[in-house]
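All values below were derived from every heavy atom in this structure, side-chain atoms included, with hydrogens, water molecules and symmetry-related copies excluded. Computed from a predicted structure; not experimentally measured. By convention in this document, chain letters (A, B, ...) are assigned in the order of the sequence lines, proteins followed by strands, and residues within each chain are numbered from 1.
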Amino acid sequence: MKITEVARKLNTTPRTIRFYEEKGLVFPGKTGNGYRLYKEADVKTLQAVLALREVGMSTAEIKTALEQEGGVSGFLHSQRSALYKEMLQIRDMITALDKMIEGNEKDAREESMIELAGKLKRLKEKRANWQDRWNFDDQAEVYDQNIKTTGYRFNVHENYWDALQMIKEWVDATSNEQGVDIGTGTGNLTGLFIEEDIPIIAIDQSKEMLKMCKKKFPRTDTRHGHFLSLPLKDHEADFIVSSYALHHLPDDEKELALAEMDRILSDGGRIAIADLMFKNKTDKQQLIDHLYKTGNREAIDAIEDEYYAEQTRIMKWLENKGYKVQVNQLNSILHLLFARK
DNA sequence: TTTCTCACA
DNA sequence: TGTGAGAA
């Protein structure tokens with residue numbers, strides 16, 4: 001396609017298209033006489049450029065967007081993720097301010113305001129720098145091996161495959177449903193669905209893990225993202241599964257994660273979670289006491305290193321949102337949670 | 001027709 | 001961030 005043809009098709013002028021080339025957004029080939037020749041792919045990118053321009057992005061921003069891995073859609077998702085983070089911060093600020101207003105009306109002392117401000121600041125920091133303390137990028141190669149080797153006196157992966165299998169069976173998906181696996185890791189759970197030709201989007205915050213997942217199950221749609229901002233539209237998923245992932249989020253963020261799941265899940269959709277948790281606070285204390293008594297340092301270290309959930313708290317949250325919840329405990333720390341919206 | 005360059009808002 | 005005009 002020559003330049004005027006493309007311009008007409010996209011409702012712009014040849015001049016503008018050349019301008020975008022000057023800014024490094026398209027690279028058409030040239031004919032013998034020096035005329036620009038546009039391929040179908042070039043037209044596509046130009047279309048994207050025009051669209052992004054329309055939304056107010058600068059050519060420089062568009063350039064970085066185009067260069068990002070995952071292309072435009074990857075960029076859009078990361079933009080969404082950034083905005084979502086901001087939105088959460090603003091929401092935190094509003095609740096904190098509401099509390100201050102309330103406190104002020106009751107003629108509270110200044111300390112409580114300062115206290116609140118401090119709490120807000122810490123929350124903000126936590127949100128801003130959730131970091132992968134466990135370094136999953138480095139674990140990608142060895143993760144599957146680690147599942148097989150049982151711990152000395154404490155094996156977090158006991159009943160691992162049972163749990164994944166049970167999730168798959170409970171979800172009971174058909175091949176025209178859209179699934180999502182959050183914190184897919186090396187894709188063990190995702191694989192169970194892929195084997196049966198059930199479309200599933202595998203999400204992980206570790207790009208190395210995603211590579212490994214793609215290697216094991218090439219047909220998987222892998223996407224970079226994390227619990228607090230999932231790269232999916234509202235109500236896009238028919239079912240959500242997640243295994244051995246939620247315990248990497250602090251408790252207050254777990255509820256945000258559930259809210260985010262709720263956002264992408266269609267009405268009547270299912271959530272199935274397998275994770276290390278305690279039934280409730282007293283259960284947690286009892287188990288830890290027991291471990292102390294028996295001197296099982298290994299287990300205590302493992303538990304303290306992560307954020308095991310309280311099953312009842314998650315259950316309550318889901319029920320408040322109108323989910324019908326069913327639970328199943330496989331061993332002292334492994335719980336399954338099935339919820340229907 | 002198209003390209004390139006300089007200038008302009 | 002574009003656009004206009006003129007020369008080739």
### Query
Going by number, which of residues 1-24 of chain A have a non-hydrogen atom under 4.0 Å from DNA chain C?
A:T13, A:R15, A:T16, A:F19, A:Y20

### Message
Salt bridge check, A:K44 against A:E40: does any charged N sit closer than 4.0 Å to a carboxylate O?
### Response
no

### Task
Classify the angle between the aromatic ring planes of A:Y307 and A:W134 as parallel (below 30°), tilted (30 to 60°) or perpendicular (above 60°).
perpendicular

### Query
So, A:E177 and A:R270, do they make that salt bridge, N to O below 4.0 Å?
yes

### Task
For A:T45, enumerate each residue passing the side-chain contact (heavy atoms from CB on, under 4.5 Å) test, keeping only those at least two apart in sequence or located in another chain.
A:V26

### Query
Are A:D305 and A:R133 within salt-bridge range, i.e. N to O under 4.0 Å?
yes

### Task
Flag the pair A:E208 and A:K211 as a salt bridge only when some basic side-chain nitrogen lies within less than 4.0 angstrom of an acidic carboxylate oxygen.
yes

### Task
Mind telling me whether A:H247 and A:Y308 have parallel, tilted or perpendicular rings, with 30° and 60° as the class edges?
perpendicular

### Query
For DNA chain C, which residues in residues 32-64 of chain A have a heavy atom at a distance below 4.0 Å?
A:R53, A:S58, A:T59

